**Student:** 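My questions will all concern the structure given below.
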2 protein chains.
Amino acid sequence: MLPALRRARIIELLQRDGAAGLKEMSQALGVSVSTLRRDVDYLCEQNYLERTYGGALLTNRLSGRELEREIASEVESVAKGVIGQRAADLIQPGQTVILDSGTSTAAAARIARERGVAFTAITNDFTIAAILSESPAITVLVTGGVVRAGTSTLLGIDTLHYIRRLRADLAFVGTHALSEGEMSDTSIELAEVKRAIIAAADRPVLLADSSKIFSRTFCSFGRITDMHHLITDSRLPADRLVVLERNGLRVDVVPVGADGA
Amino acid sequence: MLPALRRARIIELLQRDGAAGLKEMSQALGVSVSTLRRDVDYLCEQNYLERTYGGALLTNRLSGRELEREIASEVESVAKGVIGQRAADLIQPGQTVILDSGTSTAAAARIARERGVAFTAITNDFTIAAILSESPAITVLVTGGVVRAGTSTLLGIDTLHYIRRLRADLAFVGTHALSEGEMSDTSIELAEVKRAIIAAADRPVLLADSSKIFSRTFCSFGRITDMHHLITDSRLPADRLVVLERNGLRVDVVPVGADGA
DNA sequence: GAGATTTTTCAATATGTCTCAAATATCAAA
DNA sequence: TTTGATATTTGAGACATATTGAAAAATCTC
């Protein structure tokens, strides 16, 4: 059984029961207590769970759809984790930061919360709001809007109005695709919100794991040169990197997997 | 049984009965008095409860410091479930419904989602938004606002503006306390939002499990006669019920526990 | 002062931590 | 593709630490 799958099952188990003992879980999954303990420790570091003596509890019970997403992101979380980490490093105390919806930005939120930096966050994603609101140091503002079906993302005219009123120091924007210097996503409404976020921030930063780069979807929300810089991972082929930098973009490559971390 | 769960149970017991003896609790949970005593001492240090000779009482925390997550997830009471169910029954297809933050309203959301009724929901709580957004039949609007520290509730001027623009068919409002016809809660900002929700709905409905009734906090958000009716559970003493009805309020009592469900 | 409750102490048990060897996967060179 | 060398992951054991239940001693309530 794949480690990532096993960890996903652990979250599933806890989702059902709220809490469970280590022995109990190791039997349910058919692995040794040692292995299960390591998994639980890992998930605990990633802030999915809390440890208690003899077992673990789910930090915030997610609903079905969110769970699937968490599991999906768990499978390829490494790149997103390190990208998020680099992004979180950018936040200075007292700053105002807009966080777009997305798994990379959620990872950044998780790490920013850990750091204990005091700042003001604005987000249109209530999963991210939930993550950040656990830290007393962080003031969390949520844009209004319509929930995009099956996600935790807020969209629509209310969201746009809210963001357009703002001016922020920093913004973390995720993208579905990036090709030929054009950032794009899957829906017009999503694209409009991202465009507004970019316009509202002094330093808009694009978070994109290398799998995203050079794929393509139909809804553009701006050119890459609108961004202050790009954070991506080291699986990005070198020749692609050159293309991006030739456009005058600052690219921040974080090491991942075999080639560094 | 996990120590953390056991402690959660203790809180649950005390929430139901207000106070309990150590021996009594140790028998109810099937652990020795020594262990139970240690748990109670621990919870006492954490300010969840107060010791008395031979037993313990729940602390009256007016400051609104929320329960630890580990415990909060365990105290989902039966009463809230049935109250939520009755509330969900009120929703007709195509209606617009405002859902205030709170566990009773969250229970209503869960059941409304199950029912598969198509309606439009507006909420200032992103836990509720998450619950409702899983159903494709429900359009979910979230108010903007500042996240109340440690909760999933949105507050502040943005929340108020958003709600004041609205007109809804129905609203479910939770309350922290209800005494002498006056509904009250723990913070001014919370009270303002509730007031706005009540004003925005044709039929504002109060959800209050009987433990809430006749306790009292300092921030009033309106008289009970502002509401269309009240849903509560059958643990409410009969004489209290009479008092409420004499004020012209329609009271809907759902059976719970020994006396019905 | 009598009875119950709390405090203190201790041994048994369960859990956590650390280390190590075997199994498995990964990768580079033949 | 195969092979061998090198990491990584896994399960198990030894040891440290934490929790539990019981009993004796001290304290409290009425």
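None of the values given here were measured: they were computed from a predicted structure. Note: hydrogens, waters and symmetry copies are ignored here, and every other heavy atom, side chains too, is used. Each chain gets a letter, A, B and so on, in the order its sequence line appears, and its residues count up from 1.
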**Student:** Take B:Ile10 and B:Met25 through the test side-chain contact (heavy atoms from CB on, under 4.5 Å) and record every step on the way to the result.
**Tutor:** CA-CA 7 Å; B:Ile10 293 172; B:Met25 288 192 276; 4.0 Å; yes

**Student:** Would A:Arg110 count as a cation-pi partner of A:Tyr48, with NZ or CZ less than 6.0 Å from the six-membered ring centre and within 45° of the ring normal?
**Tutor:** yes

**Student:** Testing the basics here: between A:Cys44 and A:Arg51, what is the closest heavy-atom pair and its distance to 0.1 Å?
**Tutor:** SG-CG, 3.7 Å

**Student:** Between A:Arg203 and A:Asp169, does any NZ, NE, NH1 or NH2 come within less than 4.0 Å of an OD or OE carboxylate oxygen?
**Tutor:** no

**Student:** Could you state the interatomic distance from CG (A:Leu29) to CZ (A:Arg9), rounded to the nearest 0.5 Å?
**Tutor:** 5.5 Å

**Student:** I need a per-nucleotide contact map over nucleotides 15-30 of chain D, read 5' to 3'. Cutoff is protein heavy atoms under 4.0 Å; write B for the base, S for backbone only, - otherwise.
**Tutor:** ---BSBBB-----BS-

**Student:** Would you mind classifying the nucleic acid contact of B:Thr52 as base, sugar-phosphate or nothing, using non-hydrogen atoms under 4.0 angstrom?
**Tutor:** sugar-phosphate

**Student:** At less than 4.0 Å, is any side-chain N or O atom of A:Lys23 found next to OP1 or OP2 of C:dA14? Yes or no.
**Tutor:** no

**Student:** Please report the distance, rounded to the nearest Å, between CG in B:Asp41 and P in C:dT8.
**Tutor:** 11 Å

**Student:** Is it the case that A:Thr105 and A:Asp100 place a side-chain donor and acceptor less than 3.5 Å from each other?
**Tutor:** no

**Student:** Provide, to the nearest angstrom, the distance between the CZ atom belonging to B:Arg51 and the C1' atom belonging to C:dA4.
**Tutor:** 13 Å

**Student:** Just how far, in rounded Å, is P of D:dG13 from CZ of A:Arg37?
**Tutor:** 15 Å

